[in-house]
Amino acid sequence: GVEAHDFELDARTMGELGDAKLVFAVGLHMEPWLESAEKNFPDVRFVKLSDGLETLALDGATDPHIWLSFENAKKMAETIADELALAMPEKADDFRARKDGFVAELAALQADYIEQTADLTDRTLVVTHAAFGYLAHEIGFTQVPIEGLGSETEPDAATMRRVIDYVKAHEIPVIYAAEALSPKTAETVSRETGATVRILDPIENLDTARMEAGEDYLSVMKANLATL
């Protein structure tokens, strides 16, 4: 249960990183423990998947939710496959074949998003957590966030009033709360405007239990499309 932006490694898990050869991270301050780990374990290869990707910003801060861009997700998959192939060359063909299959599924889902949202006249995503900027950008939507990029950011009264007025003025029918985060601010806006609250998943808290139940990046993104 810890929200992804706030997750810190405990001492035991931090120590276990020293036994790793390769560690993947998003970067962009998404992992508060990363800088310390890099200093403590200079022999471990830490790969920041955000390196080389085009990023978006909100209020002067870089948006770390790069995986919600299909184009970025494809490049991240390429990087992961290449790094694993270097670390375990005997399995390189398998890694690259699995990457190719995943990228093909990503491309098909990206096309579904574009096709199935093409006729929507309301192209505004009013969201509680400002995690969906990359997705909105790729499918021609505008993200209007109530809260900021981090889970600890709560809107002040002026921000709430601005969003409520925006929803009323533009007759926005739906407000999207983020899965695993409190829907309180969305519910407040809903009460003031009559808009419906739905849940979008920023895939920040896809834990072991959910993955063992069969959820993965593609299934969650398909569910998000159905919600839209």
Side-chain angles (χ1 to χ4, degrees), residues 3-7 24-32 34-35 46-80 102-103 106-107 109-118 120 122-156 158-160 162-163 166-167 170 172 174-181 185-186 189 198-206 217-218 220-225 227-228:
E3 206 281 329
H5 292 270
D6 305 321
F7 178 75
F24 295 104
V26 172
L28 301 176
H29 307 290
M30 189 69 193
E31 298 91 357
L34 182 58
E35 183 176 353
F46 290 87
V47 178
K48 298 184 184 71
L49 296 172
S50 56
D51 285 353
L53 299 184
E54 293 187 12
T55 57
L56 301 176
L58 179 69
D59 297 330
T62 301
D63 184 347
H65 303 90
I66 52 173
W67 60 91
L68 290 176
S69 154
F70 288 108
E71 293 302 321
N72 282 347
K74 293 172 191 175
K75 293 173 184 175
M76 293 164 76
E78 295 274 359
T79 298
I80 291 169
F102 179 67
V103 168
L106 277 177
L109 184 54
Q110 182 178 18
D112 287 343
Y113 263 82
I114 293 170
E115 179 182 350
Q116 294 180 33
T117 63
L120 295 179
D122 175 20
R123 306 194 73 78
T124 303
L125 288 181
V126 177
V127 296
T128 53
H129 180 33
F132 301 96
Y134 291 96
L135 178 61
H137 177 73
E138 284 195 348
I139 64 174
F141 279 63
T142 299
Q143 175 183 248
V144 177
I146 303 173
E147 302 169 10
L149 292 168
S151 61
E152 76 289 347
T153 308
E154 292 190 3
D156 57 23
T159 299
M160 289 294 289
R162 175 181 58 80
V163 173
Y166 182 93
V167 171
H170 293 81
I172 303 297
V174 179
I175 303 159
Y176 296 96
E179 189 278 334
L181 296 181
T185 54
V189 175
R198 294 181 185 170
I199 304 297
L200 284 178
D201 194 334
I203 322 182
E204 293 179 355
N205 297 282
L206 189 60
Y217 179 92
L218 291 166
V220 175
M221 289 298 281
K222 288 175 183 177
N224 281 342
L225 174 57
T227 299
L228 290 175

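Here, residue 1 is the first one in the sequence, and each next residue gets the next number.
Not a single donor-acceptor pair under 3.5 Å links the side chain of R123 to the backbone N or O of A136. Looking at H170, its side chain does come within 3.5 Å of a backbone N or O of Y166 through a donor-acceptor pair. Between the side chain of Q143 and the backbone N or O of F132 there is at least one donor-acceptor pair closer than 3.5 Å. A donor-acceptor contact shorter than 3.5 Å is absent between the side chain of W67 and the backbone of V26. In this structure, N224 contributes its side chain and D201 its backbone to a donor-acceptor pair below 3.5 Å. In this structure a side-chain-to-backbone donor-acceptor pair under 3.5 Å is present from E31 to G27. In this structure a side-chain-to-backbone donor-acceptor pair under 3.5 Å is missing from R198 to Y176.
Donor-acceptor pairing under 3.5 Å is recorded for the side chains of E204 and H129. With hydrogens and angles left out, the side-chain atoms of T185 and E154 include no donor and acceptor closer than 3.5 Å. For the 3.5 Å distance criterion, the side chains of D156 and T159 qualify, holding a donor opposite an acceptor. Side-chain atoms of E147 and T128 include no donor-acceptor pair closer than 3.5 Å.
Within 6.0 Å of CG in D59 there are 12 or fewer heavy atoms belonging to other residues, nucleotides or ligands.
Of the options K48, M76, E71, a side chain to side chain contact (heavy atoms under 4.5 Å, CB included) to L53 is made by M76 and by none of the others.
Between A131 and H65, the closest heavy-atom pair is O-CB, 3.4 Å.
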